[in-house]
Peer 1: 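Before we start, here is the structure in question, set down as structure tokens.
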Amino acid sequence: MSQDVKEFVKEKAKELLAAHSCCQEAKDAAQNWLDAIGTDKEAEQAKILIAELEEDIMPIDGLIGFAGSEAGAKVFGQEKAKEVLAHAQEIKAAGAKYCDCPACAAAEAILEKKEELL
């Protein structure tokens, strides 16, 4: 992996750690990878990070379905759920494949470097 790619992924991993919308498992995977950089565990932790992000990233259709559901209204609140739904539909129409919250945006950026990271 080039130094540029490593620096890019390090920055995105730090964004994951700071994202309010990031689950603890993804934060742990990001921190473990950051801690493993330069050690014999780096490749193993990269695989774990990629697997976690592939599991966690929210496809745009999943976000639309959730935001438009009763469960989404309970999580977001009725008005915020409507806003999230409208936003998700708007970004899907513009070509988005995934949610664009801070965690999903960082995950998508890391996953775009998957082949180089592994």
Side-chain angles (χ1 to χ4, degrees):
M1 165 179 19
S2 75
Q3 191 60 34
D4 287 346
V5 169
K6 188 175 284 193
E7 290 303 317
F8 175 83
V9 175
K10 282 171 64 175
E11 183 63 33
K12 295 303 173 183
K14 290 175 184 176
E15 288 177 21
L16 273 175
L17 292 172
H20 70 280
S21 54
C22 188
C23 70
Q24 190 60 50
E25 294 84 359
K27 286 184 179 194
D28 291 346
Q31 187 62 60
N32 290 340
W33 178 77
L34 287 166
D35 292 345
I37 292 172
T39 73
D40 61 347
K41 299 210 180 275
E42 183 176 345
E44 174 188 345
Q45 291 302 318
K47 289 178 187 174
I48 292 169
L49 175 61
I50 293 298
E52 184 64 36
L53 298 181
E54 287 178 335
E55 184 177 312
D56 292 350
I57 194 167
M58 175 67 74
I60 194 64
D61 287 332
L63 178 60
I64 289 169
F66 182 70
S69 72
E70 191 173 306
K74 286 181 182 177
V75 169
F76 295 123
Q78 196 70 32
E79 287 306 309
K80 185 66 174 175
K82 289 177 186 176
E83 291 173 23
V84 171
L85 177 59
H87 174 72
Q89 290 169 331
E90 181 181 314
I91 66 171
K92 179 181 179 177
K97 294 173 22 178
Y98 298 103
C99 170
D100 67 345
C101 75
C104 287
E108 183 176 14
I110 293 170
L111 290 172
E112 287 173 358
K113 304 294 185 187
K114 174 182 173 178
E115 297 306 317
E116 295 162 89
L117 189 59
L118 300 177

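When reading the values below, keep in mind they use all heavy atoms of this one structure, side chains included, and skip hydrogens, waters and symmetry mates.
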Peer 1: Decide, yes or no, whether a salt bridge links Glu79 with Lys82 under the criterion of side-chain N to carboxylate O below 4.0 Å.
Peer 2: yes

Peer 1: If every non-hydrogen atom of Tyr98 is compared with every non-hydrogen atom of Pro59, which pair is closest and at what distance?
Peer 2: CD2-CA, 3.8 Å

Peer 1: Tell me whether Glu55 contacts the main-chain N or O of Ala51 through its side chain, where contact means a donor paired with an acceptor under 3.5 Å.
Peer 2: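 Side chain of Glu55 to backbone of Ala51: no pair is present.
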
Peer 1: Atom NZ of Lys12 and atom CD1 of Ile110: how far apart are they, to the nearest 0.5 Å?
Peer 2: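 The NZ atom of Lys12 sits 8.5 Å away from the CD1 atom of Ile110.
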
Peer 1: Check this for me: does any side-chain nitrogen of one of Glu7 and Lys10 sit under 4.0 Å from a carboxylate oxygen of the other?
Peer 2: yes

Peer 1: At their closest point, which heavy atom of Ile64 faces which heavy atom of Leu85, and how far apart are they?
Peer 2: O-CD1, 3.5 Å

Peer 1: For residues Pro102 and Ser21, report the shortest heavy-atom separation together with the two atoms involved.
Peer 2: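 Here Pro102 and Ser21 meet closest at CD-OG, 3.7 Å.
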
Peer 1: Using the side chain to side chain contact (heavy atoms under 4.5 Å, CB included) criterion, which residues pair with Lys97? Sequence neighbours excluded.
Peer 2: none

Peer 1: Could you check whether any side-chain heavy atom of Lys114 comes within less than 4.5 Å of a side-chain heavy atom of Glu54, counting everything from C-beta outward?
Peer 2: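 In short, these two side chains touch, coming nearer than 4.5 Å.
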
Peer 1: Considering all heavy atoms of both residues, which atom of Ala26 and which atom of Leu53 are nearest to each other, and what is their separation?
Peer 2: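 Heavy atoms of Ala26 and Leu53 come nearest at CB-CD2, 4.3 Å.
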
Peer 1: Indicate yes or no: does Glu42 engage Lys6 in a salt bridge with an N to O separation below 4.0 Å.
Peer 2: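 Result for this pair is yes, salt bridge flagged.
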
Peer 1: Could you state the interatomic distance from CD1 (Ile50) to CD (Glu115), rounded to the nearest 0.5 Å?
Peer 2: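 It comes to 9.0 Å.
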
Peer 1: Take atom NZ in Lys27; do more than 12 heavy atoms of anything else shown fall under 6.0 Å from it?
Peer 2: yes

Peer 1: With the side chain counted from C-beta on, respond yes when Leu111 and Ile57 share a heavy-atom pair under 4.5 Å apart, and no when they do not.
Peer 2: yes

Peer 1: Between Ala107 and Leu16, which heavy-atom pair has the shortest distance, and what is it?
Peer 2: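 Between these two residues, the closest heavy atoms are N-CD2, 4.3 Å.
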
Peer 1: When you compare the side chain of Glu44 with that of Lys47, does any pair of heavy atoms fall below 4.5 Å?
Peer 2: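 No, too far: nothing below the 4.5 Å cut-off.
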
Peer 1: Decide salt bridge (charged side-chain N to carboxylate O under 4.0 Å, His left out) for Glu11 and Lys14; before the verdict, give the C-alpha distance in whole Å, the side-chain angles of both, and the deciding distance to 0.1 Å.
Peer 2: CA-CA 5 Å; Glu11 183 63 33; Lys14 290 175 184 176; 5.4 Å; no

Peer 1: Just how far is it from atom CG of Leu63 to atom NE2 of His87, taken to the nearest 0.5 Å?
Peer 2: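 With rounding to 0.5 Å, CG (Leu63) is 8.0 Å from NE2 (His87).
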
Peer 1: How long is the gap from CG on Leu49 to CG on Asp28, to the nearest 0.5 Å?
Peer 2: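 Reported value, rounded in 0.5 Å steps: 11.0 Å.
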
Peer 1: Can you tell me how far CZ of Phe8 sits from CD of Glu116, rounded to the nearest 0.5 angstrom?
Peer 2: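 Atom-to-atom, Glu116:CD and Phe8:CZ are 9.5 Å apart.
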
Peer 1: Where is the tightest heavy-atom contact between Asp100 and Ala105, given as atom of each residue plus distance?
Peer 2: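 Asp100 and Ala105 have their closest heavy atoms at O-CB, 4.2 Å.
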
Peer 1: Carefully, step by step, assess Ile48 and Asn32 under the rule side-chain contact (heavy atoms from CB on, under 4.5 Å).
Peer 2: CA-CA 9 Å; Ile48 292 169; Asn32 290 340; over 6 Å; no

Peer 1: Hey, could you give me the NZ/CD distance between Lys80 and Gln78, rounded to the nearest 0.5 Å?
Peer 2: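 It is 14.0 Å, given to the nearest 0.5 Å.
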
